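In this text, all values refer to a predicted model and were calculated from it rather than measured experimentally.
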Amino acid sequence: MFSRETFLELAQISARTCFDTLDWIHAATVARNSRHWPVAWRARRDQQVAVLLGAVHLRWGIPVFESMPMGGYGGWYGDVVDSSDLECEWLSRVLFPVVVLCGRPAAHDDGSGIHRVWPSLSCRHSLQETHILDLEPSAAELLSSVKPSVRSYLRRVDQLGFVFSSGGLELLETFMSIYASGRKNWLKKPVSDYSVTYFRALLHGGNSEIWLVAHEGATVGAAFFVKGDKDVLYMASGVQKLPGPVSPMDALVWSAILDFQRRGYSLFNMGASRGLESVRRFKEKFGARPQTYSRTVYLFPAFTVALHRLFVWLRS
């Protein structure tokens, strides 16, 4: 099912994460310089319905299905609680030569179940990590979970002269300036380095927003957030160092956490650290806890690859 309308229709069956959007797929197209087609699968069992959202792109001429692309977690959602048997059944029928499935945090699947129905299938399994902050507790409880050395500072954020603003495309140029400037101060470059066209693609559908923080009349920090129905992803940021014990990014992130909580969001996803200990410490001082999720790459038999190459050639 490749239509935009079908994707959007099925995405409404259950609450979408920040990754389950067409904006995320468009951004993957920009980042990889390879077109991604949205795909939505519906599975029915008795009176239950489950949905798997993702995208297909060509890698070396071979169709690859991902749920979701570019590091986003996905998985089945809907009425079906136990999706392991459902996933095995779906994989035994799917025709894509390469399938990449990502579960949701704390929901692990080692990918072994499918071998009961397709013993010749090859798969590569790994665990990914992200940092999750539960926004269900009260603001006071959230503050109590913050690292003690930072807690007293956050209590005084409103008295330190910070001015916050938020918006969309109109703030992109300012965000990119701060983001690019902040990258120069990184001791170790992260895996992902995003372009302005990537962020513009994410902002296109209105599911993302930019926050700016100013101090003494100058913009000194910026952050980019991607929103789902109930979760928010802290995607990227940049900050200028100020003299003294003043942290614009601590102030911005904490103020954003409280604002998203007031708006009804229940999870604040601070993303992965990928071996950057300073980044890990920054996230965990707000009370975010590392959670793992599974990522499995299924490589189907060679004849399927040949069949799909023929299919692509016929469609071209």
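- The shortest side-chain heavy-atom distance between L172 and L203 falls under the 4.5 Å cut-off.
- To the nearest 0.5 angstrom, H26 atom NE2 is 8.5 Å from T21 atom OG1.
- Between D250 and F286 the shortest side-chain heavy-atom distance falls below 4.5 Å.
- Side-chain contact check for Y153 versus S247: some heavy-atom pair is nearer than 4.5 Å.
- Ring-plane geometry between F65 and F96 is classed as parallel, the angle between the planes falling under 30 degrees on a 0 to 90 degree scale with a further cut at 60.
- The environment of CD in E173 is sparse: at most 12 heavy-atom neighbours from other residues, nucleotides or ligands sit within 6.0 Å.
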Test side chain to side chain donor-acceptor pair (under 3.5 Å) on E141 and S138; report intermediate values, then the result. CA-CA 5 Å; E141 290 172 316; S138 65; 3.3 Å; yes
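- For the pair R295 (side chain) and L127 (backbone), a donor-acceptor distance under 3.5 Å is absent.
- Side-chain contact check for T130 and Q128: no donor-acceptor pair (N or O, by modelled atom type) lies under 3.5 Å.
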Full working for side-chain contact (heavy atoms from CB on, under 4.5 Å) between V64 and V56: CA-CA 5 Å; V64 178; V56 171; over 6 Å; no
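- By the rule that hydrophobic residues join a cluster once side-chain heavy atoms approach within less than 4.5 Å of another member, L160 and V163 end up as members of separate clusters.
- Looking at residues two or more places apart in sequence or on another chain, you find a side chain to side chain contact (heavy atoms under 4.5 Å, CB included) between V30 and S195, T197, Y198, A201.
- Put simply, the side chain of S255 gets close to the backbone of A251: a donor and an acceptor are under 3.5 Å apart.
- The pair E136-K230 does not meet the salt-bridge criterion, since no charged nitrogen lies less than 4.0 angstrom from a carboxylate oxygen.
- Residues A50 and W76 come closest through the heavy atom pair CB-CE3, 3.8 Å.
- In this structure, OH in Y234 is found 6.0 Å from CE in M270, a value given to the nearest 0.5 Å.
- Taking both residues in full, the closest heavy atoms of L252 and A223 are given as CD2-CB, 3.5 Å, listed atom of the first, atom of the second, then distance.
- Remark: side-chain polar atoms of S266 are not paired, donor with acceptor, to backbone N or O of L135 under 3.5 angstrom.
- Relative ring orientation between F175 and Y179 is described as parallel, the plane-to-plane angle staying below 30° on a 0-90° scale split at 30° and 60°.
- A donor-acceptor distance shorter than 3.5 angstrom exists from the side chain of T29 to the backbone of I25, with no hydrogens or angles considered.
- When all heavy atoms of I62 and P97 are compared, the pair lying nearest together is CG2-CG, 3.3 Å.
- Between L212 and I210 there is a side-chain heavy-atom pair separated by less than 4.5 Å.
- The distance from the CD atom of Q291 to the CG atom of N269 is 9.0 Å, given to the nearest 0.5 Å.
- Inter-residue side-chain proximity for M249 and S237 is flagged as met; some heavy-atom pair is nearer than 4.5 Å.
- A donor-acceptor pair is defined here as one N or O able to donate and one able to accept, closer than 3.5 Å; such a pair exists between the side chain of S145 and the backbone of L142.
- Rounded to the nearest 0.5 angstrom, I257 CD1 and L143 CG are separated by 10.5 Å.
- The backbone N or O of D259 sits nowhere less than 3.5 Å from a side-chain atom of Q261 that would complete a donor-acceptor pair.
- Of the N and O atoms on the side chains of D23 and N207, at least one donor lies less than 3.5 Å from an acceptor on the other residue.
- In summary, K283 and E129 do not engage in a salt bridge, as defined by a charged side-chain N under 4.0 Å from a carboxylate O.
- M70 is not listed as a side-chain neighbour of F19, based on a closest heavy-atom distance of 4.5 Å or more.
- In this structure, E284 CD and E277 CD are separated by 8.0 Å, a value rounded to the nearest 0.5 Å.
- For the pair H131/R280, a side-chain contact is recorded, criterion being any heavy-atom separation below 4.5 Å from C-beta on.
- Aromatic ring orientation, F268 versus F225: tilted (interplanar angle from 30° to 60°).
- Evaluation of the ring pair (Phe, Tyr, Trp, His ring centres under 6.0 Å) rule for H36 yields H57 as partners, not counting sequence neighbours.
- Salt-bridge check for D134 with R289: failed, with every basic side-chain N at 4.0 Å or more from each acidic carboxylate O.
- Between L58 and P63, the closest side-chain pair of non-hydrogen atoms falls below 4.5 Å.
- Note that the CG atom of D229 and the CG atom of L267 stand 12.0 Å from one another [nearest 0.5 Å].
- A donor-acceptor contact shorter than 3.5 Å is absent between the side chain of T296 and the backbone of L101.
- For the pair A139 and L258, the tightest heavy-atom approach, listed with the atom from each and the gap, is CB-CD2, 3.9 Å.
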